[in-house]
Amino acid sequence: MSLNSLEEIATYIVSEGKGILAADESNPTCGKRFDSIGVESTEANRRDYREMLFRASGMQDNIGGVILFDETIRQSSKDGTSLVDIIKDQGALPGIKVDKGLQPLNESSEEVVTQGLEGLNERCKEYVALGARFTKWRAVIRIGEGMPSDECIDANMKALADYAKVVQDNGMVPMVEPEVLMEGSHSIEDCFNASDRSLKSLFRHLNENGVNIKGTILKPSMVTSGSTAAEQASVDEVAKRTLECLIANVPAELPGITFLSGGQSDILATAHLDAMNKIGGFSWKLSFSYGRALQSPALKAWKGKYENMFISQDALSHRALMNKMAALGQWDSSLEDQ
Ligand code: 13P
């Protein structure tokens with residue numbers, strides 16, 4: 001694939017309903033996922049699981065990019081093929097998580113700021129040599145009493161913009177991920193406000209840093225009710241409020257918005273994406289960059305057993321196709337039974 005400019009890379013990843021498979025769980029997070037199916041999180045098991053996902057037939061045509069963790073971008077399959085080459089053979093671009101996790105904003109704070117700017121330029125050079133074409137950095141915004149604070153939003157969005165500039169200077173497309181956490185009993189209105197403030201700050205900082213918006217992908221959370229709120233917004237309301245927030249804040253020239261799933265069930269994440277694309281009225285591609293909502297059925301089917309490989313791959317292929325349909329606004333719940 002000869003994609004030379006940042007614009008070409010970003011546009012390719014979200015072309016024709018394609019989205020992103022987020023498979024960049026850190027080793028501790030992967031350990032939690034494996035605990036749920038009683039599998040030990042060893043380097044070999046992580047490799048086997050991800051190799052199985054990346055070889056699934058449904059990667060082709062439905063997945064334009066795969067986000068990897070540092071360990072994975074260096075791994076090869078049992079037959080010696082690098083996982084990066086398996087991804088490329090499926091027509092997807094390899095990406096890499098480059099942030100270094102979360103630290104408290106200050107000593108007494110429940111809020112966090114993402115780390116990882118130190119040494120980022122050198123890490124980018126190595127990842128380019130390993131085949132990465134795009135990157136991810138996740139900022140975490142919590143809703144609660146007095147949260148999010150302006151200080152938390154500003155520190156995180158400034159770091160995202162600083163990261164994006166370094167990544168573009170190294171010829172890769174930055175995904176900027178401001179995740180407003182679903183955890184909590186807050187209303188959809190509270191989520192709208194936190195998302196709106198975060199996106200305003202993010203695009204101000206990106207512009208101040210001279211980041212090329214046409215060579216950037218936004219990975220936001222949807223505007224939803226808190227996960228433990230008594231009243232849960234409907235699919236239609238989530239779609240409308242999310243679009244309202246994005247249209248108010250995201251420049252039309254941005255090529256793609258790919259949502260995280262953030263703890264939504266696999267079907268709900270698909271239904272929300274489809275509802276937004278059925279409403280339409282925006283110029284960016286609106287697609288997915290799901291971790292759990294793409295992988296959960298495949299993980300449950302696998303159970304760490306080689307003989308479950310095909311049903312696990314089928315489960316991933318199905319979710320990838322369903323989300324492509326949703327990115328085209330052509331999904332229907334009846335397709336889930338076929
Ligand atoms: P989830 O879709 O499971 O939220 O993961 C996406 C991701 O990459 C979070 O950083």
Side-chain angles (χ1 to χ4, degrees), residues 13-14 19-37 46 49-50 53-54 62-73 87 92-102 112-116 132 134-142 156 159-160 163-164 173-184 191 195 198 202 217-224 226-227 238 242 256-273 286-300 315-316 319-320 322-324 326-327:
I13 292 172
V14 290
I20 295 172
L21 168 62
D24 60 321
E25 298 85 2
S26 64
N27 290 349
T29 302
C30 199
K32 276 193 238 161
R33 305 277 187 268
F34 280 14
D35 279 350
S36 72
I37 53 162
R46 291 191 292 270
Y49 171 64
R50 284 163 171 154
L53 296 182
F54 303 160
N62 304 324
I63 300 294
V66 179
I67 319 173
L68 302 169
F69 186 59
D70 181 77
E71 176 184 271
T72 326
I73 199 170
I87 290 167
L93 301 180
I96 181 81
K97 169 195 176 81
V98 299
D99 68 66
K100 294 275 193 185
L102 311 171
V112 289
V113 63
T114 307
Q115 305 296 300
F134 72 102
T135 64
K136 172 189 124 170
W137 177 293
R138 172 175 175 255
V140 174
I141 305 296
R142 189 179 290 279
N156 275 293
L160 270 172
Y163 136 83
V173 166
M175 294 183 82
V176 288
E177 181 179 4
E179 176 171 6
V180 176
L181 292 181
M182 278 174 62
E183 282 157 32
C191 181
S195 304
S198 300
L202 174 61
I217 292 177
L218 174 67
K219 174 166 176 162
S221 37
M222 296 179 196
V223 175
T224 64
S227 53
V238 168
T242 304
I257 298 178
T258 59
F259 292 104
L260 59 93
S261 59
Q264 294 181 31
S265 74
D266 47 354
I267 305 273
L268 200 52
T270 305
H272 285 148
L273 179 62
L286 206 56
S287 189
F288 57 94
S289 175
Y290 296 156
R292 284 162 286 179
L294 272 172
Q295 292 184 46
S296 291
L299 185 71
K300 279 187 205 128
L316 177 76
R319 286 263 55 81
M322 291 299 100
N323 284 305
K324 181 206 183 117

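The analysis underlying the following values was restricted to heavy atoms, covering all of them including side chains, and did not include hydrogens, waters or symmetry mates. Counting convention: from 1, in listed order, for ligands and their atoms alike. Throughout, numbering of the chain's residues begins at 1 and tracks the sequence.
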Tell me: protein heavy atom nearest [atom], and distance?
atom	value
atom 7 (C) of ligand 1	Lys219 NZ, 3.2 Å
atom 9 (C) of ligand 1	Glu177 OE2, 3.3 Å
atom 5 (O) of ligand 1	Gly291 N, 3.6 Å
atom 2 (O) of ligand 1	Ser261 OG, 2.4 Å
atom 4 (O) of ligand 1	Gly262 N, 2.7 Å

Handout entry: Interatomic distance, Phe288 atom CZ to Ile20 atom CD1 [nearest 0.5 angstrom]
Key =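 If we round to the nearest 0.5 Å, Phe288:CZ and Ile20:CD1 are 8.5 Å apart.
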
Do [X] and [Y] pair up side chain to side chain, a donor and an acceptor below 3.5 Å, judged on atom types alone?
X	Y	value
Thr114	Asp99	no
Thr258	Lys219	no
Tyr290	Thr270	no
Ser195	Ser198	no

[X]: numbered ligand 1 atoms lying under 4.0 Å from its heavy atoms:
X	result
Arg138	10 (O)
Tyr290	2 (O)
Lys136	7 (C), 8 (O), 9 (C), 10 (O)

Heavy atom under 4.0 Å from ligand 1: found in [X]'s side chain, backbone, both, or neither?
X	result
Arg292	both
Asp24	side chain
Ala22	side chain

Exercise for the section: Could you go through the side-chain contact (heavy atoms from CB on, under 4.5 Å) check for Asn27 and Glu71 one step at a time? Expected result: CA-CA 9 Å; Asn27 290 349; Glu71 176 184 271; 3.4 Å; yes

Handout entry: Expected output: side-chain Ser36 to main-chain Arg33 donor-acceptor under 3.5 Å
Key = yes

Problem - Short N-O contact, Arg142 and Glu179, less than 4.0 angstrom - result: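 No, Arg142 and Glu179 are not salt-bridged.
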
